[in-house]
Structures are given as C-alpha cells and as structure tokens.
Amino acid sequence: MTDLVERDVAAVTPSPASSPGPSSAPKSRLRSEAFARRLRARHAAERRFRLAGAAAVALAALMLVLLLGSIVAKGASAFLETRIRLEVTLDPAEVAERNYAVPLRRALYAQFPQVTDRAGRRVLNDLLSSGAPYELEAMVAKNPALAGTTQTVWVRADDQIDQLVKGAYRRDLPESGRGISDAKVAAADALLASGALAQGFNTTLFTAGDSREPEQAGIGGAIAGSLLTLLVTMALSVPTGIAAAVYLEEFAPKNRWTDLIEVNINNLAAVPSIIFGLLGLAVFLGFFGMPRSAPLVGGLVMALMTLPVIIIASRVALKAVPPSIREAALGIGASPLQTVLHHVLPLALPGILTGTIIGMARALGETAPLLMIGMVAFVVDIPHGLTDSATVLPVQIYMWADSPERAFTERTSAAILVLLGILILLNGAAVILRKIFERRW
Amino acid sequence: MTTRTHVFAATAALSVALGLAAPAWAQSRDQIRVVGSSTVFPFTTAVAESFGKSGRFKTPVVESTGTGGGLKLFCAGVGPAHPDIADASRRIKKSEIDQCAANGVTTMTELKIGYDGIALASSRKAAPVSLSTVVLWKALAKEVPVNGALVANPYRLWSDIDPALPRAAIEVLGPPPTSGTRDTFNELAMLEGCKKVAEVARAVPDETARERACMTIREDGAYVEAGENDNLIVQKLSANPNAFGVFGYSYLDQNRDTLQAARMDGVELTAETVAAGKYELARPLYVYVKNAHAGVIPGIREFIGEYTSERAMGDDGYLVDKGLIPEPKALRDVARVEAVNLTPLQF
C-alpha cells in the first residue's frame, strides 16, 4: 500500500529534484481533491479485489464442506454393522458334514417359539445374512474344540435388517411400498427389544472382498489390489522417471532431439488416462499375452501414465538446485556423476518426492485405464500376487454406486471416505517431506 | 553416447524378459472369467459368489462390459486368454455367431436365465398412471404423424396425447444409446408402439426407414439421457414427481418405497405378469458358455449347474431376491438339462 501512495505522490510532484518523500510532500497537493478521489478509488478497488478473493475461497470451502458433509452424512453409518446374538448348539454330526445353517436356524427359532409355520420361519431365516453359516464355520475351523458345545455367537444380520436398524426404511409407509415386510420388521423389533440385535464396528468392511450381499461386502480386496498395483507402478515409474529427468536435465545435449523429447513428455502428461488403458490392452494383453484383471498390468499402465508427471516434477526440482552447487563440486574435482549423485540429487529430492507422491495419488484414484484391461470386475477373492485377478478402490466405489441394494449406498460413501483418507495421508506426507528436507538458498 | 546405448540395452532386455515370460501366463487359468451385460451382472456375480463359497473352485471373475462388448471379447477366440462365459441382455445376433465362428468359437451353449422387466417408474408422490406403448411412442418419438405426414413431435404435455393423462410436461429419464436397456426399450416400447399407429405405415412405406423412424427418440429435452447409473435416475425421480424413469425391474424392486411403476396397457409390473408374458416391456436374459472351455478351465460345468439350480433360479432362489424374474418351472427344468449337458446352440 505504501509504495502505491509513494508512486502516486511521485506522479503528482512536478520536479523530481524537490521530491521529498511522502511525509514531507507539499500538503496542498496531497490534500487536493483529485488525489483524494484517486486514493479512495484505489482503496476501493483493493477492497473489492480482496473481497472477491475471499468470496472465491469461501465458495470453494463451501463446496468442499457440502461434498464432504454429504459423504460423511451418508457414509458414517456404514462403519457400524448389525449383528444378531444366538445361542448356538454345535452338534458334532452337523459340524462333521459342515452343515452350519441348521444350528443357526435352530438357535433363531428358539428365540421365536411362537413361530412354527413355514412362511414364518422363512422370514426368520431371512433375518440372518447368507454369510452367517460361513462365519460360524470359520469360528469352528479356528477352534475345533467348539464342536459339541453351546456357544453365544454374534453373527451378521441381513442387510435389510441392518438398514432397518439404521432407520433407512420409512416405517410409516404401507408394507407394499416400504421394501421390507411387516413380518421382518416385527421380528427385528422383537430381537432389538430383547437385546439380541446390536450394532458394532464394521470390521467386515475393511477385511472382506467384494460381495453381492452388502453386509458381507468389504474393501479389503480392493485395498490389496490398489496396493499391489501401486507397488508395480512405483517400482517402475520412480526409478525410470528420476533417471530420465537426471539425464535430460544434467547430461543430455540441448538439441532438436531433446527438445522433441521434452515436447512429447509434456504432451504425454496431458493425455487422457483412458488412452493409456487402450495402450495397455493392445500391448500388454494383446502382444505380451498377460492375464486380464491383473495388478501387474494395471501397475504397468499406471506407470506409463505417471511417468511424465514424475519426469516433469523431477526436472523442475533439479532445475531449482542453484548452479553454484554444481560448479563448486566440479571445481573441487568431483566427476559429473559424483556431482549429480552426491550433491544435486539429494538437494532436489524433496521436490522429486512431492512430484512422485502426487503422481501416485493420481494413480490411486484412477479408474478409466483399468476399464480396458479388465480390472473393473467383480472379484471376491482377495488378491495375493501380481497376477491374481484384482480390482482397485475407486473401481470398487464405482461398482457399488451402481448396485441396486440400498445398503450399498452407505458403503459407497464409506469407501469414498477411506479413499479420501488415504489421499490425505499421501498428500500430507508430501507436504511433511518437503518441509523436512526443503533447503532454501 | 554410452549412456544412451545403456538405456537402449536396458529397454531391449526388459522387452525380451517380458516377451519370454508371456507364454507362462497364457498357458493356464484356474478361474472362470465372465464378461458381458450390466443387466445380467448382478445375477452372475451372485451365482459366482455362491459358487466360490462352496470352496471347491476359485470365485469366477465377472466383468460388466455391456452385451455387445462382452460378446466381442467372448468371440475373440478359444484359449485361456479369452473369457469362458458371456452375459447378454438380448439374444446373440447372427453377425456375432459368424464373428465367433471366424475366430474358432464354433460351439456354445445358450442358457436363458429368466426375464428382466423394464419399468416406467415415477415418484410415489405422483398419482399412479397407466401408459401404453402407443402413448410412450407418441411421447418420445422424434417425429409423429399429424394429418398423414410425419412432423416434429408437437406433444409437450402428457394430456396432449391422451386427455386422461395428467397435465404435466413430458419428461422421461432414460439410459443412453450404449445401454442394453435402451436397445430393449427401443424394440419393445418404441417399435411396438409405433407399429400400432397405422398412419406411420402410410407415411413411410419403406420398412427399414420406418423402423428407423420408429426408434428415433426426440432430442428436444423431453427424453433426458441420464447415464448408465440407475441409482442417479432413482434420485432424480424423487426430486421431480412429474418425471418418469426407464430402468430395470431390480431397481424398482429395491426402491418400492420411493417409486411406483406405471401400468402398461393396464398391466402392472410384477414378477408374475412378466413371467406370464402379460407385461409388454420385458426381455429375456441369456448366458452363453464356450463349450471348448468346458473341461479345460476347471469348474465350468459346476458353475452352470449352480446357475441353473433351483436354489439360484428357482421361485424362491437367491436370484429372485436380486430382481430376476424366473421362467416357469417346466421351462426351467428343460433349460437346466440342456445347459448342464452343454447342448450346442443351433442358430
């Protein structure tokens, strides 16, 4: 502000020789009406500009709050799951033939002695998740001594019951328009009243693979797939990207070829990601015959996609290292390789890391290229190797968002929250790393 | 220069390594791969999951690529690199059979898994209405006959078409042309409705041109392409009680508390009316199995067995919970025997 005033004063002062600075300027000139008007106009313009800036920030913040607010409001309930308490008697004969549905049903019927007809019992069967027998089976597999005993177990409830407890169904509507039958509501209410129906932390969401039954679906498989994919991406794109950047920045002669390469790298950074998917389909699946839906192929495609980003960020970081460092190193007899490895690269590392992490974050959130190579798929088994069929977190979100069961709506939002959390961690790490290693000259 | 040579050498070595490693991947696969229709996707995935839980085989991987894209992948060849099963929300076309045969896929088994009804649904806040294919066609066609000639669709309100219908602007949210649901809607609603309007036949004598005119949907905002995400249409309908949405039966079934389906020619959309063939906007769903892969990829016969079992496809099966409308029991039993024996499709 002050230098604005000074310039204005200089402009209204006729002779530069007599210009004495703002404080001792001739008062008549500074108090002239024209000057005051101009000053007021400039101050007003300044205020308007600041106001516009603040409004832009406020608008952006509002959008973010709306987005996050709606996701959190929809997704928070997905972190809880509803379980049913049952006194299960494990008959050794049934255990031997792996028939776990029968003991569960027996225990459930015992809680409703008044229900004896088939239709009524079918309603009761529907209270339990279709995965409940497998839960019981896993429990017995872990501890075979349970056979022949009576145990109190908490098994997953069906997704409709889960949604009912969370208040997603409107009870005031008639049965035909509600989506859940009166009998089920009554049975669930009875269980709730006796304390046999309770909510707990939803571990399934984090440990299980995908499922068509919302209560058994989790993002465990998708997270494993994302990790495997990112592993391949990182192993390939980080060394290649940094090596390319160091060569182009420190060693390559400046000629038409390197110009051409530079233009192409900048171009590649702006290519839509689906193009990389098509490339992966043609080259990795078509030519090399790699398996569909494999994190290996996904990682290769993502590596191609993030490579330009990493090269550009690394080159900028290398460029920011002052030439005096190189000159000093060369001056005391270091070879060009030693100069780069011992001095330039360590100083450029924070910038390179930031670029790499941002590139990885982008790869983590990408779905389009994976569509072409078959990673947008229903995969139940959690992948353990690079060639196992897998999917990734954003794809899982996309597929859940498209599922008709309403319990998937909240799980979609919960998965988005997890993805956002990971992205915040990654970007936060980028900021912290930069803060720790940053050097200023 | 030496650095550059190194780079080239490294790249060359990498490609060679990948090239050598490639055949190892292509040789075997122990997991069934399914591709195809997004409408059949919820059913096939449910079967795949249940099949995987039985513990004898790995859970099949199911991709939702759309019917056309799925059949293209399915027909690309025989061998572990190509999918074993294709889902389709319409019957396979002659051109696709030819494509298959050209790539060595000569025998396949067709399995009709049941039906999907297309709902014209609106918010429960609106009064229930009864539509017909003729009304739908008149409401959505790009050109309709007025005084014997085809002119740009003049209807703005439903009551313009039939005074008994509500005085509300025509607004239908539906799938884009890439969707199988749209194909079926075009054929079952638009074409059928158009055929019932005699003036069209007089105005356009040529059959191919007439068919195209019948299936061209207006582009003046009355039909809104709402993308492939049916959940989005459900949300938009709740916000706008005057609008109708076009989507599959399973979505309607899951959202009965907010949505109601319009009756078609007085017939309500229920599983019973579809299975009995009374509801017009219903389509059969198919699964195609590559016979050459049975016995090579483990578990294909068993997977088909699971798909056609009563606990999946039956009247109380888990596919019915997912919104599938099963065929009558007698037809199911025939389909089951044919499918499990991999009786080749005769076209």
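Residue numbering restarts at 1 for every chain, and letters A, B, ... go by the order of the sequence lines. Everything numeric in this text was worked out from a predicted model, so none of it was measured.
- For the options B:Thr45, B:Leu73, B:Val35, heavy-atom pairs under 4.5 Å to chain A are most numerous at B:Thr45.
- Going from atom CD of A:Glu213 over to atom OG of B:Ser50 covers 9.5 Å, rounded to the nearest 0.5 Å.
- A:Ser403 touches chain B through its backbone: at least one of N, CA, C or O sits under 4.5 Å from a heavy atom, while the side chain does not.
- Atom CZ of A:Phe378 sits about 7.5 Å away from atom OG1 of B:Thr59, to the nearest 0.5 Å.
- Once rounded to the nearest 0.5 Å, the distance linking OG of A:Ser389 with CZ of B:Arg29 reads 8.5 Å.
- Side chains of A:Asp210 and B:Glu49 form no contact here, defined as non-hydrogen atoms less than 4.5 Å apart.
- Contact of B:Pro60 with chain A is made through the backbone alone, with heavy-atom distances under 4.5 Å.
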Side chain to side chain contact (heavy atoms under 4.5 Å, CB included) between B:Thr258 and A:Arg170: does it pass, once the steps are laid out? CA-CA 10 Å; B:Thr258 52; A:Arg170 285 177 50 192; 5.8 Å; no

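- The NZ atom of B:Lys53 sits 11.0 Å away from the CD atom of A:Glu137 when rounded to the nearest 0.5 Å.
- Atom CZ of B:Phe41 and atom CZ of A:Arg212 lie 6.0 Å apart (nearest 0.5 Å).
- Around atom NZ of A:Lys166, more than 12 heavy atoms belonging to other residues, nucleotides or ligands sit under 6.0 Å away.
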In a table with atom names and distances, give each donor-acceptor pair under 3.5 Å that connects a side chain of residues 284-296 of chain A to protein atoms at least two apart or in another chain.
{"from": "A:Arg292", "atom 1": "NE", "to": "B:Glu63", "atom 2": "OE2", "distance (Å)": "3.0"}
{"from": "A:Arg292", "atom 1": "NH2", "to": "B:Glu63", "atom 2": "OE1", "distance (Å)": "2.7"}
{"from": "A:Arg292", "atom 1": "NH2", "to": "B:Glu63", "atom 2": "OE2", "distance (Å)": "3.4"}
{"from": "A:Ser293", "atom 1": "OG", "to": "A:Gly374", "atom 2": "O", "distance (Å)": "2.5"}
{"from": "A:Ser293", "atom 1": "OG", "to": "B:Arg33", "atom 2": "NH1", "distance (Å)": "3.4"}
{"from": "A:Ser293", "atom 1": "OG", "to": "B:Arg33", "atom 2": "NH2", "distance (Å)": "2.3"}

